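Working notes, beginning with the structure itself.
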Amino acid sequence: MSTQSRVTAIDYEKLTAAEKQFVDLYGLEDLDRALKTRPPAAAPVQRPAQAEPSAFSIIGKEQRDIEGYKIVTGQARYTVDVYLPNMLYVKVLRSPLPHARVKSIDTSKAAQLPGVQAVFTYQDIPEKMTAGGRPILASEVALVGDGVAVVAAASETVAEDALRLIEVEYEALPFVLDPREAEKPSSPLARSDLQSNLAGNPYKVERGDAAAGFAEADVTVEHTTDTQDQEHVAMEPHAAVAQWEGDRLTMWVSSQYTHATANLLAASFGLPKSHVRVIADFTGGGWGDKAGVAYPYILLVSLLAKKTGRPVRYELSRTDVFLETSHHYPVIQSVKLGFKQDGSLTALQSRSLVNAGAYSPFAAFLAADTLSAARLQYNCPNVALEGVGVITNSAVAGARRCVGEPSGVFALETLMDEAAEKLGMDPVELRLMNINEEGDPESGLPWSSNGLREAIVKGAEAFRWKDRWKGWDAVGTSEGPIKRGVGFMAMACNKGSKGPPMTAVVQIPPDGSVLVVQGGAHIGGPQRTTFAMIAAEALGAALDQVYVTTPDTEFTSDTGVVAGSRATKSIGLAVQTAAEDARRQLLDFAAAKFTKDLGKQIKAEQLDVKDGLISIKDDATTKPITFREAVASGFVIVDAQPIPAAATVIGRGVVPPETRYAQQTYAAAFYEVEVNTQTGVVQVVDALQVHDVGRVINLLGLRNQVEGGAVQGIGFALTEEFKYDPATGIPVTANLDDYKMQMINHTPPITAMFIESDDAVGPFGAKGVGEPALALASPAISNAIYHAVGIRMKSLPMIPKKVLDALKSTGV
Amino acid sequence: MADEEKVPSEESEQAPMKISRRDFLVGAGAGVVVTGVAAAVVISTRQPETVEVIKEVPVPGEPAPAPAPEVSRLVEGTTVITLKVNGVTQQVVVEPQTTLAELLRRDLGLTGTHIGCNGSYCSNCTVLVNGVAQNSCSLLAVREAGKEIVTIEGLAVEGALHPLQQAFWDEMAYQCGFCTSGQIMRAAELLNNVKNPSEAQIRRHMAGNMCKCSAYPNIIRAIQQAAKQMA
């Protein structure tokens, strides 16, 4: 604001979007100088018009969040907002060393501090109780941040003071951070219980004969990329509150998947699941970090609450979150591609080395996910893939929005760009020539939908790709120190699919309101609004008749995690199925009511439902009835006679796993960047993301998801990195100052376009979108940097130092 | 409340004294070591991991940090302070280390104010203090005595949403909603002072408020929308 008042020469409002972007970053003072050194700005992409009018009455429109009132008034209750009477607060003493044995630990002074109610070390944890294989409190620590002791006290300050009174003597053990080191037989073991640092067997796929495929290739390209450790940084820190009432345990937890936590608690304490209740009303962000992961803190609060007989709350500090919870894992991935001169792929080979961190329950899946795009995105007869996960003394690898695919797609799509240049082809044409539109070559199943070609073609048109790209000769040709370039990428993403468990119930009580009972978290989609829209559309209800339950395991069934972009498609399908079942029952009631009222038989098939009113088709004279009138009448027709029935509707939605189709979601992205060759700063000035979503459900939530995903993707591409001091293994970015996130002043103009490919599986043809939204930015930006300055950035994040080093090495 | 007028805002260049929570806590923590304060008045830093980097750094051009006597007075024990929260004047007992955010959330039950980092990086905890948007996680409650605090719960008047609340809802200027209270309070400060802010002004003013969902484009749209309503 102060800058604003000092500068009078330039009228901000008259600037182009790209110029405004520059001003926001550097200030108006620098704009004049910059304008003299930059190429003329291309016209930005126009924001596409709203979705076309469709046959649907609810879905496809911009619908504000049905929970929005609570959020904008501060009434939405997140787990950290749960304060119970007589509650105790928890703090965890964490290891300062990456690998060590606890030689001795003395908690006697801490236990004597007034206000302290319980102090635990590993000796107090029941034998065999682990957090998914990870120690709840460690006797041998395997990363900085492993808990060695925990205190429950009357206040957080007392608990913190108690931590300082605990004396721990460690015996330091050799540690390893770098997965390339950890992979070697000579490496120290990351944990003494391991025989080798390899996390299970490598993931392997072989189709055809890769060696023969490369032998027949006219053009071969290969490279190795590396992507970084990234923390999710959900704004609500992880938190849990546990309360025992006899042998029943209630937990509030910041979670994307309450039923998984309930299962964990039931198994850990030997309880039937009916004795465990897990609640997550609102969850403040997750992106996989809260996807029902078995974290030590969840079991600690439960154990402490059991021991003390009081409610126990642990809200992790931001640093605790960085240290204890899972991260997006670093990946080193090599890719080799062989092409015929016409651009068709003959061979594809890739190996990814995944840093699984100190404890990874599913390293093989994490490795496989980095190879998903290489496996399925393009038609290629000869494919050889290998994914290896290794254990190191660093953050636990887990799922982060799109899991391994952003790393895999960065490796693949930057190399495709390189290949296009070598082949002398337009990178858009090269993708269009090779994309796999048929189906999964391994299962033989067809895709449930495939809008990738349309996404690429329509995106290229909207972005005016040909005009702005101008061919390979244009690389590095813009004048002045700030150079501009455009980049393209495409993606076939394995997320956004239908998968079990999928259950929901739709109730219509006699008052005619509609309650959707489902256990999916409300975490930003906005999922409850999506489910309300799907239920309303399927039922013919008005949207304001419908309410959707909070995730509470006491009265919802397990409908799976809200992650993997599965909520809309999987939970949405369960909701749609339940709503359709409810609709059938509702129409039975309505038919009976009409039959009684009109004195002639009206069958359910003759009825129509829209906006909460039930009418007889092709009958304009009979007054439509409301849900209330239908259900409360309490009659259904049996043997053509109205008979009394319980005046309520319970629609059931239980959906089996998909067996007919292979499922993917698709996207293409076109980015324009400016590279400051003097500072190394890369700034996105225009971004177009085109997503095949099958069908638009809520245009407002959808656009919001894609814009947010793009910004997160830019953070992955340019700034965010969780780093360690290699000499000590101590994290150096475990706070929100050193861990660099995208803020509002960095946010470029983002355009989201949607392709409706009418998926054969999803509710009303919809599929998921949240995850690929993050994955597109980094390869598109890397390719755009090449277009601007002729350097290939192969390491994320593309921070100024790396850009300057690369520029120096090429003498630009 | 003439005294309130004299209370300098953090932004004011005439601030006679600037003491961060961190500086204060060092002093307080040292007090514990030396005097062995009774358990009822336990004082500590809240983030042990930052202890070693704590030191008092005089800010150029500003008077020295708070003198020792003030700190000593505080460590003697809990204090009864009077402050006005969302229009209601109330007396509350606070411990010396209690932050304004903790007071609001834990003691007054105003959990709409959220703490994202407890270190003044994310500004999710933004509230208005005498009309100035502040990170409440980094203000000591005792030092806010006599001031007027407005939180997200105090923004709607008799159930009618503030134009910013309405616009944040209509434009869906959030996803998970956790940072939203802070975003709205920060934007309220802007719109209270600037009638029709430019997009650049909005971006600059909101640049400290973190939203990992990155609903930033909609936040800009919402503030523009609210500004129109309020103009």
Side-chain angles (χ1 to χ4, degrees), chain A residues 1 3-4 12-13 20 23-24 64-65 68-69 71-78 80-81 83 113-115 155-158 160-161 163-164 232-237 282-285 317-319 523-526 700-701 704-705 707-708 711-712 734-737 741-745 747 750, chain B residues 39-40 42-49 95 97 105-106 109-119 121-122 124 151-153 156 161 165-166 168-170 172 174-181 184 198-201 203-220:
Chain A
M1 291 187 59
T3 312
Q4 195 77 63
Y12 178 87
E13 292 306 322
K20 284 179 181 169
V23 170
D24 295 335
R64 68 180 186 175
D65 183 13
Y69 185 90
I71 284 173
V72 300
T73 55
Q75 291 170 25
R77 190 161 79 152
Y78 299 82
V80 295
D81 300 333
Y83 291 92
L113 188 69
S155 75
E156 285 192 325
T157 31
V158 173
E160 275 170 358
D161 281 3
L163 291 191
R164 281 195 209 90
H232 308 66
V233 194
M235 290 321 311
E236 182 191 18
F282 283 78
T283 292
S317 74
R318 185 52 62 182
T319 298
I523 196 169
L700 183 59
N704 203 9
Q705 275 277 296
E707 288 172 346
V711 175
Q712 288 193 350
N735 60 68
L736 293 188
D737 191 20
M741 306 234 295
Q742 294 295 300
M743 305 296 276
I744 200 166
N745 54 335
T747 304
I750 298 159
Chain B
V42 177
I43 295 174
S44 85
T45 62
R46 295 181 41 78
Q47 291 184 305
E49 63 276 6
E95 289 180 67
Q97 79 283 358
R105 288 174 49 74
R106 187 190 60 200
L110 296 171
T111 54
T113 298
H114 290 137
I115 300 172
C117 71
N118 216 16
Y121 304 123
C122 75
N124 284 4
T151 71
I152 189 72
E153 290 92 345
L161 293 182
Q165 292 175 307
Q166 190 66 49
F168 267 65
W169 186 8
D170 291 344
M172 205 181 166
Y174 63 85
Q175 284 180 24
C176 76
F178 191 78
C179 73
T180 307
S181 307
I184 290 177
S198 68
E199 187 181 329
Q201 279 177 305
R203 283 174 181 263
R204 277 175 184 266
H205 191 84
M206 302 301 294
N209 282 66
M210 207 172 262
C211 169
K212 182 67 198 222
C213 302
S214 305
Y216 298 128
N218 283 358
I219 290 172
I220 295 170

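What you see is a predicted model, and the numbers here were worked out from it, not measured in a lab. A note on names: the letters A, B, ... follow the listed sequences, proteins ahead of strands, and every chain is numbered from 1.
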Look at the rings of B:His114 and A:Tyr78 and say which category their plane angle falls in: under 30° parallel, 30 to 60° tilted, over 60° perpendicular. perpendicular
Would you say A:Asn745 and B:Arg204 make side-chain contact, with heavy atoms under 4.5 Å? no
Pick from B:Ile220, B:Ile152, B:Asn124: which one has the most heavy-atom pairs with chain A under 4.5 Å? B:Ile152
Heavy-atom pairs under 4.5 Å with chain B - which of A:Asp65, A:Ile523, A:Val711 has more of them than the others? A:Asp65
Between B:Ser214, B:Pro217, B:Gly112, who has the most heavy-atom pairs with chain A when the cutoff is under 4.5 Å? B:Ser214
Does any backbone or side-chain atom of A:Thr283 lie under 4.5 Å from a heavy atom of chain B? Answer side chain, backbone, both or neither. backbone
Region of B:Leu110 that comes under 4.5 Å of a non-hydrogen atom in chain A: neither
Do A:Thr157 and A:Ser155 have side-chain N/O donor and acceptor atoms under 3.5 Å apart? yes
Is there a side-chain contact between A:Met741 and B:Tyr121 in this structure, where contact means two heavy atoms from C-beta onward sitting under 4.5 Å apart? no
Hey, are the side chains of A:Met743 and B:Tyr216 touching, using non-hydrogen atoms and a 4.5 Å cut-off? yes
What part of A:Glu236 is in contact with chain B, defined as an atom under 4.5 angstrom from a non-hydrogen atom: side chain, backbone, both or neither? both
Heavy-atom proximity to chain B below 4.5 Å, by part of A:Met235: both
Residue selection (most heavy-atom pairs with chain A, distance under 4.5 Å) from B:Cys122, B:Gly116, B:Ala215, B:Gly208: B:Gly116
With a 4.5 angstrom heavy-atom cut-off, which part of B:Ala156 approaches chain A: side chain, backbone, both or neither? neither
Can you name the residues that form a side chain to side chain donor-acceptor pair (under 3.5 Å) with B:Thr151, not counting sequence neighbours? B:Asn86, B:Glu153
Residues in side chain to side chain donor-acceptor pair (under 3.5 Å) contact with A:Arg64, at least two apart in sequence or another chain: B:Asp170
